[in-house]
Structure formats: C-alpha cells, structure tokens
Undergrad: 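Okay, handing you the structure first.
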Amino acid sequence: MSATVLVPTYLAKTGYEVLQQAGLNIIEVPNVDNATLLKYQDEAAGAIMGVSPIDDQTYAQMKQLKILARIGVGFDSLNPVEAAKHGIVVTITPHSNAISVGSGERRVGEECSSSFK
C-alpha cells in the first residue's frame, strides 16, 4: 500500500522526484491549508505546505496524517505541540524553499514510506 502525500503545485520538480522515488502516491493541490487537509483527511499520510495557517482543530480530524513538512522556517502558522498530541510530526526546512530540494521532501518520503511497510 502506497502512502498519499499532498504537495503544492509550486513544489520544484526535484521535490516531486524525491517523493516518487520513495514510492508515494502524490496528490498535487494549489495550496495545503485547513480545507485541503480536511478534504483528504482519510487518505493523506503526509503533506508539504507553505505558509497557510493550520488550525488546532484540524490536527484532531486528520485520521492518517503522520507528517506535515513546512517549506521554510518558523512555526507561526503551525502548532507542533498540538499536532504531536495527534501523532503528527511537524518539520521545517531551514535554508530551503519551493524551488530547491530541501530536507522536507526527504523527511516526508522517509516518514510515509516507513509508516506503510
């Protein structure tokens, strides 16, 4: 069974390649935000996001989500403590952005592929 990862349309091609090499099912979305996460709550094991804020209530409804990787730094739009209460790992990717291959893609690939083996 291949894990599903939500990725924003602006993610660099090399980022997609890292996730594909991990054997993940990729769903491309315009933006990873509360509405998108909730739409895919029954299937998304991972998500790569930008700066859209994620409400604390959203974490509680995510049935499959294991990791939420933010492109860039800072937790101003995320609450890693609340996410952890629901078994969700939150990562940031310092020194990277949407046009580079950051540790976020690798971390999502590793976390999701190992969770479903």
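Just so it is clear, the structure is predicted and the values come from calculations on it, not from any experiment. All residue numbers refer to positions in the sequence shown, counting from 1.
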Undergrad: What is the distance from atom NE2 of His86 to atom NZ of Lys66, rounded to the nearest 0.5 Å?
TA: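 One gets 13.5 Å once the value is rounded to the nearest 0.5 Å.
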Undergrad: Any non-hydrogen side-chain atom of Leu6 less than 4.5 Å from a side-chain atom of Ile48?
TA: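 Counting from C-beta outward, Leu6 and Ile48 never come under 4.5 Å.
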Undergrad: State whether a side-chain donor-acceptor pair under 3.5 Å links Thr4 with Asn25.
TA: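 There is such a pair (donor and acceptor under 3.5 Å, judged by atom type) between the side chains of Thr4 and Asn25.
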Undergrad: Of all heavy-atom pairs between Tyr16 and Val7, which one has the smallest distance, and what is that distance?
TA: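 Closest heavy-atom pair between Tyr16 and Val7: CE2-CG2, 3.2 Å.
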Undergrad: How close do Ala47 and Leu37 get, heavy atom to heavy atom, and via which atoms?
TA: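 Minimum heavy-atom separation between Ala47 and Leu37: CB-CD2, 4.1 Å.
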Undergrad: Are Leu68 and Phe75 connected in the hydrophobic side-chain network, where two residues link if heavy atoms are under 4.5 Å apart?
TA: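 Both belong to a single hydrophobic cluster.
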Undergrad: With distance as the sole criterion, is a donor-acceptor pair present between the side chains of Gln64 and Tyr40 under 3.5 Å?
TA: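 No, because no side-chain N or O of Gln64 sits under 3.5 Å from a partner of the opposite role on Tyr40.
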Undergrad: Is the shortest side-chain heavy-atom distance between Pro8 and Asn31 below 4.5 Å?
TA: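 No, their side chains stay 4.5 Å or more apart.
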Undergrad: What is the minimum heavy-atom distance between Gln41 and Gln61, and which atoms define it?
TA: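 Answer, listing the atom of Gln41 first, then Gln61: OE1-O, 2.6 Å.
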Undergrad: Return the CG to CG distance between Asn79 and Asp56, rounded to the nearest 0.5 Å.
TA: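 One gets 4.5 Å once the value is rounded to the nearest 0.5 Å.
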Undergrad: Is there a path of hydrophobic side-chain contacts, each under 4.5 Å between heavy atoms, that joins Met49 and Val81?
TA: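 Met49 does not cluster with Val81.
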Undergrad: Ignoring hydrogens and geometry, is there a side-chain-to-backbone donor-acceptor pair from Asn34 to Asp55 under 3.5 Å?
TA: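 Yes; judged by distance alone, with no hydrogens or angles, the pair exists.
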Undergrad: Quick one: closest heavy-atom pair of Arg70 and Ser77, and the distance?
TA: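 So the two residues come closest at NE-OG, 3.6 Å.
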Undergrad: I'd like to check Ile88 versus Ile67 (side-chain heavy atoms, cut-off strictly below 4.5 Å). Are they in contact?
TA: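 Sidechains of Ile67 and Ile88: no contact.
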Undergrad: Is the shortest side-chain heavy-atom distance between Thr58 and Leu38 below 4.5 Å?
TA: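 They are in contact (side-chain heavy atoms under 4.5 Å apart), so the answer is yes.
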Undergrad: Would you say that Leu78 contacts Tyr59 through its side chain, given a criterion of any heavy-atom pair below 4.5 Å between the two side chains?
TA: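 Yes, at least one pair of side-chain atoms sits under 4.5 Å.
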Undergrad: Pair Met62, Asp42 - check side-chain contact (heavy atoms from CB on, under 4.5 Å), show working.
TA: CA-CA 7 Å; Met62 298 305 300; Asp42 292 326; over 6 Å; no
Undergrad: Quick one: do Val90 and Ile54 satisfy side-chain contact (heavy atoms from CB on, under 4.5 Å)? Show the steps, please.
TA: CA-CA 11 Å; Val90 175; Ile54 304 300; over 6 Å; no
Undergrad: Are Ile26 and Tyr10 connected in the hydrophobic side-chain network, where two residues link if heavy atoms are under 4.5 Å apart?
TA: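 Yes; Tyr10 is reachable from Ile26 via cluster members.
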Undergrad: Which heavy atom of Glu43 sits nearest to which heavy atom of Ile27, and what is that distance?
TA: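 Looking at all heavy atoms of both residues, the shortest contact is OE1-CD1, 3.7 Å.
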Undergrad: What closest approach, in Å, do Ile92 and Gly74 show between heavy atoms, and which atom pair accounts for it?
TA: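 Heavy atoms only, the tightest pair is CG2-O, 3.5 Å.
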Undergrad: Would you say Thr36 and Asp33 are linked by a side-chain donor-acceptor pair, where the criterion is simply a distance under 3.5 Å?
TA: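 Their side chains do contain a donor-acceptor pair, which is all the 3.5 Å distance test asks for.
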